[in-house]
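Presented below is the structure to which this report refers.
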Amino acid sequence: MSGGDTSARKPGGASPAQTRRRVLALLPFGVAAAAGGGFWAMLSRMRTGGFDPHDIHAPALNRTVPDFALPGLDAAHPGFSGNDLRHIDRPVLVNFFASWCIPCVAEAPLLGRVAALLPVWGVAYENKPSDAAGFVSQTGAPFARVALDGSGRTAIDWGVSGVPESFLVRPGGIIDWHLAGALTETVVSATLPALLSRIGR
Amino acid sequence: MHGTVLLSLILSPELGRFALAFACCLAGAQTVLPLWGAWRGRTALMASARPLAWGQFAALLLSFCCLAAASVANDFSVRNIAENSAVAKPLLYKLTGIWGNHEGSILLWALILALCGVAVARFGRNLPGSLLARVLGVLGGTALGFELFCLLTSDPFDRLWPAPPDGQGMNPLLQDPGLAFHPPILYTGYVGFAVPFAFAVAALLEGRVDAAWGRWVRPWTVAAWSFLSCGIALGSWWSYYVLGWGGYWFWDPVENASLLPWLTGTALLHSAIVVEKREALKIWCVLLAIGTFSLSLSGTFLVRSGILNSVHSFANDPTRGVFILGLLALLIGGALLLFGLRVHLLQAGGLFAPFSREGGLVLNNILLCSICAVVLTGTMYPPFAALLLGQAISVGKPFFDSTAVPMAMPLLATMAIGPMLPWKRARLTPVLQRLWWASLLALLAWAVAAFGVSGTLPVLAAGFAVWVIAGAVADLASRILLFRAPLRDSAARARHLSRAVLGAAIAHAGVGVTVLGLVGMSQAQHAIVSVHPGDGVDLAGMRWTLRSVRDADGPNYHAHVATIDVTRNGRLIAELHPSRRVFPLQHQTTTEVAIRTDLVSDLYAVLGDEHEADGTVVLRLHRNPLAPWIWLGGLLMAIGGFLSLSDRRVRVGAPMRARRGAVPAVPAPAAE
């Protein structure tokens with residue numbers, strides 16, 4: 001410790017090097033405190049509804065579906081395009097999924113119940129065709145159509161932030177509602193029926 | 001039947017709740033009295049720590065037994081039992097189902113924490129009195145937090161009236177022997193790191209860290225680490241054979257939450273050696289001990305509060321989140337603040353050359369912590385990006401595969417060299433002399449892998465894995481002077497080899513075995529086919545023929561069971577029975593994977609949908625080379641850890657056999 005640098009000395013007698021070391025020692029506390037503050041903000045906003053890791057604002061909401069045309073998975077699961085969605089005569093749920101995504105596996109049984117309400121069209125996000133086929137056969141996800149978005153470009157146009165993500169498209173190809181994250185019991189039994197009856201009117 | 005009802009009347013939920021509240025009081029006393037005593041130098045107060053730890057454990061055990069009795073006796077007036085159990089559930093799962101839900105798992109967590117406290121009280125009798133009092137005090141405070149959490153926000157004994165005639169049953173995915181024992185083992189790992197944490201905080205309070213401290217901390221770290229390794233391996237095995245995806249690790253936030261403390265725990269394990277042998281890295285070691293337990297706690301918090309999106313989601317509840325956050329702020333914030341204010345009291349010491357055993361261990365720590373930082377970033381980026389930038393980003397497998405996995409390569413490369421380096425200062429030549437044949441084997445493995453394995457990273461990893469295993473063998477061989485001394489001498493040396501050295505070599509070899517398993521799995525072949533019964537398909541040089549699909553019923557499910565014959569060149573090599581189970585109570589279907597393993601590769605078959613219309617059945621067939629090695633390696637790591645723990649020189653805190661008679665049951669704390 002250089003004793004010559006008296007001007008920087010505090011009355012307590014700590015040299016700059018010691019002060020530096022003490023500040024450094026408090027760094028882990030600072031990082032933890034910042035993280036804790038962040039968590040606290042998340043939790044308090046979660047309670048007021050301002051922060052929800054499952055609900056993300058979609059740029060595409062209340063707009064016409066973007067232009068795209070994607071190949072299908074197989075004969076039983078043809079692909080679809082933006083044009084197809086603009087000419088539907090009843091609402092369709094477009095579900096982005098990937099075989100490597102575990103929440104997608106978990107939500108598959110709920111998709112089965114959604115399929116009783118309205119057709120479900122799947123988009124395989126950054127998946128090889130064989131993996132997407134595996135997902136469909138394995139989970140029994142009731143997709144009427146499956147489009148392969150191998151590059152993820154279409155997902156970007158739709159504003160997809162991650163899989164699974166679902167969009168409710170009403171006749172005319174307007175995105176009416178959007179859920180970033182896996183479907184839940186409440187969504188299937190309350191939210192979707194309410195939305196459908198509103199569209200129906 | 002009458003016996004269990006009678007038992008559940010005596011061990012009533014109210015008694016359970018009372019016992020839990022009593023444990024809270026004892027934990028409070030265990031926090032305040034010994035810490036106060038150690039501060040004021042009152043030996044009587046310090047001596048209260050050990051009986052209080054025993055009392056707290058006994059009260060919690062009683063509480064846990066009450067919950068178990070309610071579960072076995074089908075007491076559906078207890079909300080927790082009604083929501084998670086059912087009459088038709090097999091007895092084993094009634095017991096293991098206790099920790100299959102949020103409330104019960106927190107109770108188990110607290111019980112294990114109390115067990116750790118008892119273990120410290122039991123094996124730490126020759127610790128200095130004030131250190132033991134402070135360690136138990138910190139453990140008591142941690143336990144108090146969890147018991148209050150359990151009592152105030154997640155009461156497992158909450159009553160439900162009117163009581164339903166039958167419960168809702170548990171998630172069928174959890175009805176599995178592998179998963180039944182996965183949580184206790186994993187929690188023991190998480191909670192076990194509370195002991196090094198308590199030692200670190202106690203050292204900061206004492207203002208002293210010395211070689212003895214390193215010697216006391218190391219066995220607890222090894223124990224927690226071994227349990228955590230075992231728990232992670234079990235969890236990964238479960239997702240392999242239950243989810244039916246042929247995958248073993250999905251970089252899910254819950255999985256990452258267990259990997260993070262494992263990485264820093266591994267670093268702590270190694271840096272504690274340096275503190276013990278060379279009195280260096282003391283401050284770093286204290287920070288790592290605090291950090292490892294902090295990561296264990298935060299992982300649980302993040303998952304249970306619902307901040308991180310995961311499949312393993314327990315009932316997400318922000319209110320509980322606020323409570324745990326407060327608890328974390330007190331524990332982690334308090335420990336880190338103490339670290340910041342008092343760390344200058346710890347004397348840094350022990351100089352060493354960069355190329356030495358210490359240098360190797362520092363490199364190990366740097367690499368492990370870098371991997372940990374990357375995984376932490378990937379896991380925490382989505383919620384923080386959503387909070388600060390308002391944009392949603394998902395970070396998945398592709399990110400981790402392309403960042404964390406390559407970073408493990410230098411770690412593997414240096415792992416074989418480290419144990420051979422002498423302390424203080426090393427020279428490269430003698431090390432290379434002992435490792436020449438290991439390098440030869442690694443080169444050979446690279447050559448073979450370059451032909452047989454596709455992908456750059458798997459080829460690289462294959463060579464390094466062989467290098468690590470050969471390095472571990474070479475380390476042992478050089479210690480017993482194999483082929484350099486007469487065989488009889490070598491055998492004698494092998495018998496006297498310390499179990500710590502043997503354990504370390506086995507754990508290192510285990511890492512190599514796991515990596516070979518990962519390489520094998522990257523070469524897996526699979527096919528999804530739609531076939532009629534009687535049809536066959538070719539995959540991986542074998543013919544897989546679907547014989548039949550029949551119905552079968554279990555205790556609380558209906559099942560469809562397929563029979564698949566696997567033949568090679570017309571010779572039957574395996575008969576697989578994958579099935580699908582429908583659980584009517586939960587409206588849920590699970591797949592039961594059929595796996596036939598010969599330890600070199602797994603034949604893995606999953607039964608998919610049956611199409612009524614055309615009579616076809618969807619099958620998913622995999623051939624997974626070396627798959628069992630992944631978990632075998634994990635098991636080897638844990639075995640290595642336990643073996644090293646059985647070495648008396650490692651667990652110096654344990655009572656010595658010869659002296660046991662001489663130590664009174666409750667010794668007066670040594671006057672400092």
Side-chain angles (χ1 to χ4, degrees), chain A residues 14 18 21-33 35-47 51-58 76 98-107 109 112-113 126 130-131 133-140 159-163 165 180-182, chain B residues 239 243-247 250 252 283 287 290-291 294 298 301-302 305-311 318-319 321-322 325 328-329 332-333 336-337 339-344 380 382-384 386-388 390-398 526-528 530 587-589 591 606 608-609 618-620:
Chain A
Q18 276 173 323
R21 206 173 299 158
R22 289 199 185 174
V23 169
L24 199 66
L26 278 168
L27 193 68
F29 176 75
V31 172
F39 292 145
W40 188 79
M42 286 176 205
L43 280 176
S44 49
R45 288 193 205 171
M46 247 165 113
R47 281 202 287 187
F51 174 85
D52 185 350
H54 308 260
D55 181 41
I56 294 147
H57 182 71
S99 69
W100 43 262
C101 142
I102 288 297
C104 303
V105 183
E107 80 166 354
R113 286 174 47 199
E126 294 192 0
S130 63
D131 290 338
F135 177 90
V136 174
S137 70
Q138 176 69 35
T139 60
V160 168
S161 56
V163 279
E165 201 157 329
Chain B
S239 66
L243 291 181
W245 278 85
F250 298 94
D252 182 77
I283 295 169
L287 187 61
I290 296 175
S294 305
S298 323
F301 154 71
L302 290 169
S305 63
I307 286 184
L308 286 181
N309 231 335
S310 156
V311 253
T319 324
V322 171
L325 187 61
L328 292 191
I332 302 174
L336 288 177
L337 190 63
F339 176 83
L341 296 178
R342 291 188 57 97
V343 77
H344 62 275
M380 293 316 305
F384 273 96
L387 182 75
L388 299 175
Q391 62 185 132
I393 290 150
S394 91
V395 176
K397 191 171 159 52
H526 73 272
I528 299 131
S530 184
H587 308 288
Q588 207 168 335
T589 307
T591 52
V606 183
D609 278 344
V618 175
L619 297 176
R620 189 182 171 96

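Every chain is numbered from 1 and lettered A, B, ... according to where its sequence line falls, protein lines coming before strand lines.
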Heavy-atom closest pair (B:I332 atom, B:S298 atom, distance to 0.1 Å) is CD1-OG, 3.9 Å

Turns out that what part of B:T591 lies under 4.5 Å from chain A's heavy atoms comes down to side chain

Whatever's closer than 4.5 Å to a heavy atom in chain A on B:L287 counts as side chain

Taking it one step at a time, do A:Q18 and B:H344 satisfy side chain to side chain contact (heavy atoms under 4.5 Å, CB included)? CA-CA 9 Å; A:Q18 276 173 323; B:H344 62 275; over 6 Å; no

Which of B:L337, B:L336, B:V343 passes side chain to side chain contact (heavy atoms under 4.5 Å, CB included) with A:P28? Answer is B:L336

Honestly, the part of B:L325 sitting under 4.5 Å from a heavy atom of chain A is side chain

Beyond-backbone contact of A:F39 with B:M380, side-chain heavy atoms, under 4.5 angstrom: yes

